[in-house]
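Computed over heavy atoms, backbone and side chain alike; hydrogens, waters and symmetry mates excluded. Here is the naming used below: chain letters follow the sequence lines, and residue numbers restart at 1 for every chain.
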Protein chains: 2
Amino acid sequence: MPSKLFVSAQEVAERAGVSRSAVSRTFTPGASVSADTRRRVLEAAEALGYHVNHLARGLMRNESGIVCLIVSDVATPYRSALLRELTIQLQNAGKVAMFVNTDRSDGSVDRALQQAIRYRADASIILSGLPDKSITQLCLRSGQRLVLINRDDDQPGPLKINLDDYESGGRIATAFVRAGCKTLAFANSEAGTPSLMGRERGFIAAATKLGLEVVVERYGSTGYEAGRVLAQRMLTRAERPDGVFCATDLLACGFMDAARHQFGLSIPDQLCVAGFDDIEQASWSSFNLTTFAQPVMAIATQAVKWLASGGHEDEPEEAHSVRLKAELIWRGSIRKG
Amino acid sequence: MPSKLFVSAQEVAERAGVSRSAVSRTFTPGASVSADTRRRVLEAAEALGYHVNHLARGLMRNESGIVCLIVSDVATPYRSALLRELTIQLQNAGKVAMFVNTDRSDGSVDRALQQAIRYRADASIILSGLPDKSITQLCLRSGQRLVLINRDDDQPGPLKINLDDYESGGRIATAFVRAGCKTLAFANSEAGTPSLMGRERGFIAAATKLGLEVVVERYGSTGYEAGRVLAQRMLTRAERPDGVFCATDLLACGFMDAARHQFGLSIPDQLCVAGFDDIEQASWSSFNLTTFAQPVMAIATQAVKWLASGGHEDEPEEAHSVRLKAELIWRGSIRKG
DNA sequence: TTATGGATTGCACGCAAGTGCAACTCGATG
DNA sequence: CATCGAGTTGCACTTGCGTGCAATCCATAA
């Protein structure tokens, strides 16, 4: 029970000695108001601390200005960097970001989308998990736009933004071979998302073509600890790998730390490592990791541009899929060939 | 121009053969509806994909369920960890998080709060910057609750959550002395926020009491790069410090990397280092940093508890200030005394 | 059979905004 | 002076929902 309530347009109208319509028009760009009325309304609004109620405005216009971000693992460097860029660009586009954390059990993506519907979000951007097809349909039917980032789904309707994971895997294989690596390995998590698997398949395919086999090991999440475990498993093998592509930078950091501090290996002399994401820590001199940069800014730009343009449903389905290139950031964890 | 609109209660009512009131009551806990009516409404709602419009509900109830999070530097480990915990706990409390990024120019905190007012947020949680007193007043007058985290402001009204920064500084000074350090230093950023300055003052005061002087250097932001620069400045001094307290973990990481890789120093043998925040990287074996843990969970719990309880204005002002303890996490960057 | 009471239901109004339409003002023109 | 037209203004209705009030229903008691 708040002691006082928000200031309404009615109160402003009374203070300014005009009708409520005049207040509404003053805050509606393009509406017809005389300069004098406008000034008096603005004065009164300023004095009372009036701010248009976007809940009510959204009700009328059937457009809330809210964009829902559906995310898990927010505390992860890559995720938080993407989040940062998305929120900034959304704000610049005049939208507001609603945040739904899906760190809990599965199916929570569906519950997140229900939240988005309840608050009549103009759009939802999904960074984690995959919604059930029925919910996706409901969103689209309701006129809510959908963006899937690195989700690689085949449902028609949502905008899908993906990277060239497969090709990236290939480029790193080449780099390892140039560096003179003899035994390649791919360190992956058990998550099995399309992005991770794409890197794995591309790496294996290219290595095979170059005449090398690849040891693949999958364990746990995509974090630092999993990287350590993977290092322990891989570096105790009879035939120790000397070129390891880690599916994410966090895995790579864990892998490198274990390789150095537990196995006493020197990087890149005895072991070449590459990662993916280009998180901030990859550039730290303790890691100096050669990796692929997620085009975070481009991803956000594409998503927001599409939302702002109100991308129509009558576009061809091809227009609903964007493929961006991950730039190879060359640092010191791979020997120069 | 969406092709179709969201389903309204009216449509559900028609399909279920009842009045719109019945639909409304079905979704209002505690309202009077017969089991039969309820069932028919729920069936119709399910079939049509109906979800209560929270914008309209918020309009009626004068309680939107929205909590606005005002943040900068989201991509930073500590910030994103706090954010993660806040969103999870807010969701558990039935609230929705609105996200405003203030990475831009100053004064944007004020603009962020205006957003919060426009969307009639029930509360705002401020993690960065300080709002102007006039806006704070407007929020409170409007019945919006305010939480300041590590902001240390003296305005009455908002809930203020802070740590024992000063005492922590003191504890680390003692640890350095026990480790046999002779020349102490404090590596700070130029940000000059109360938290950072509190750690600095506490450290200096305790060291002085123990008979040691402290070299203080301030530079740049609270990030990794600033830590490197600070190391360069401090470690080239005639009297090289052998015990350095860094105001944040990121500073410490940069400091350690420069100390090892540029100056060839061994930690903790030749140099003891401590940080603050206990970011994930502090536990990585490359750093193994002794540091203070931000009680992220406790902070979020306090904030959400206060919001959920609807903390009344007639509470004594003391109840508006919470002081939490930062736990010392002992790792390997300080010699055992 | 009628009265009583509790549970259920619908009507109508209100929340805070946007907007079509008609009425109004005012200056310029005929 | 009457007419025209452009520019303002206010009325009234709309959005989707919650809720007080009065009417209704039905089962039980008198």
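The interatomic distance linking B:Phe27 (CZ) with D:dG18 (P) rounds to 9 Å, in whole Å. Rounded to whole angstrom, the span from the NE2 atom of B:His54 across to the C1' atom of D:dT15 amounts to 17 Å. Rounded to a whole Å, the CD atom of B:Glu11 is 14 Å from the C1' atom of D:dC17. Following rounding to the nearest Å, A:Leu59 (CG) and D:dG18 (P) show an atom-to-atom distance of 12 Å. Atom CG of A:Asn62 and atom P of D:dG16 are 7 Å apart (whole Å).
Comparing B:Asp36 and B:Arg120 by the nucleotide of DNA chain C that holds the closest heavy atom to each, the one mapping nearer the 5' end is B:Asp36. Ranked by how close their nearest DNA chain C nucleotide is to the 5' end, B:Ala56 and B:Gly17 are led by B:Gly17.
Side-chain contact annotation: B:Ser21 with B:Ser24, donor-acceptor N/O pair under 3.5 Å absent. A side-chain N or O of B:Ser72 and one of B:Ser128 form a donor-acceptor pair less than 3.5 Å apart. B:Asp132 and B:Ser134 form a side-chain donor-acceptor contact under 3.5 Å, judged by distance and modelled atom types alone.
Note: A:Trp306 and A:His320 have perpendicular aromatic rings, judged against thresholds of 30 and 60 degrees for the angle between ring planes.
A distance below 6.0 Å separates the ring centres of B:Tyr50 and B:Phe27.
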I'd like a list of close polar pairs between nucleotides 5-8 of chain D and the protein, N/O only, cut-off under 3.5 Å.
none

Polar atoms only, N or O, under 3.5 Å: list the protein pairs with nucleotides 19-24 of chain D and their distances.
| residue | atom | partner | partner atom | Å |
| --- | --- | --- | --- | --- |
| D:dT19 | O4 | B:Ser21 | OG | 3.4 |

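Among the heavy atoms of the strands, none lies under 4.0 Å from B:Val23.
Within the helix from C:dT1-D:dA30 to C:dG30-D:dC1, the inter-axis angle between the opening and closing five-pair segments is 60°, rounded to 10°.
Atom CG of residue A:Leu307 and atom CD1 of residue A:Ile125 lie 5.0 Å apart, to the nearest 0.5 angstrom. With rounding to the nearest 0.5 Å, the separation of OG in B:Ser80 from CG in B:Asp73 is 10.5 Å. Rounded to the nearest 0.5 Å, atoms CD1 (B:Ile135) and CG (B:Leu113) are 6.5 Å apart.
In this structure, A:Tyr119 does not reach the D:dG16 phosphate: none of its side-chain N or O atoms is under 4.0 Å from OP1 or OP2.
The shortest side-chain heavy-atom distance between B:Val67 and B:Val96 does not fall under the 4.5 Å cut-off.
A donor-acceptor pair is defined here as one N or O able to donate and one able to accept, closer than 3.5 Å; such a pair exists between the side chain of A:Glu11 and the backbone of A:Ser8.
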- Message: Could you go through A:Arg145 and A:Asp122, starting from their C-alpha distance and side-chain angles, then the distance that decides it, and tell me whether this counts as salt bridge (charged side-chain N to carboxylate O under 4.0 Å, His left out)?
- Response: CA-CA 6 Å; A:Arg145 316 211 53 75; A:Asp122 298 337; over 6 Å; no
- Message: Show, in sequence, the C-alpha distance, side-chain angles and deciding distance for B:Leu90 and B:Leu69, and conclude whether the side-chain contact (heavy atoms from CB on, under 4.5 Å) test is met.
- Response: CA-CA 11 Å; B:Leu90 281 174; B:Leu69 301 179; 4.1 Å; yes
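By the side-chain contact (heavy atoms from CB on, under 4.5 Å) test, B:Val296 is found to be paired with B:Leu82, B:Glu85, B:Gln294, residues two or more places apart in sequence or in another chain being considered. In terms of the side-chain contact (heavy atoms from CB on, under 4.5 Å) criterion, residue partners of B:Glu43 (sequence neighbours excluded) are, by chain and number, B:Arg39.
On the nucleic acid side, DNA chain C contacts chain B at distances under 4.0 Å to non-hydrogen atoms, with the end points of that region at C:dT8 to C:dA17.
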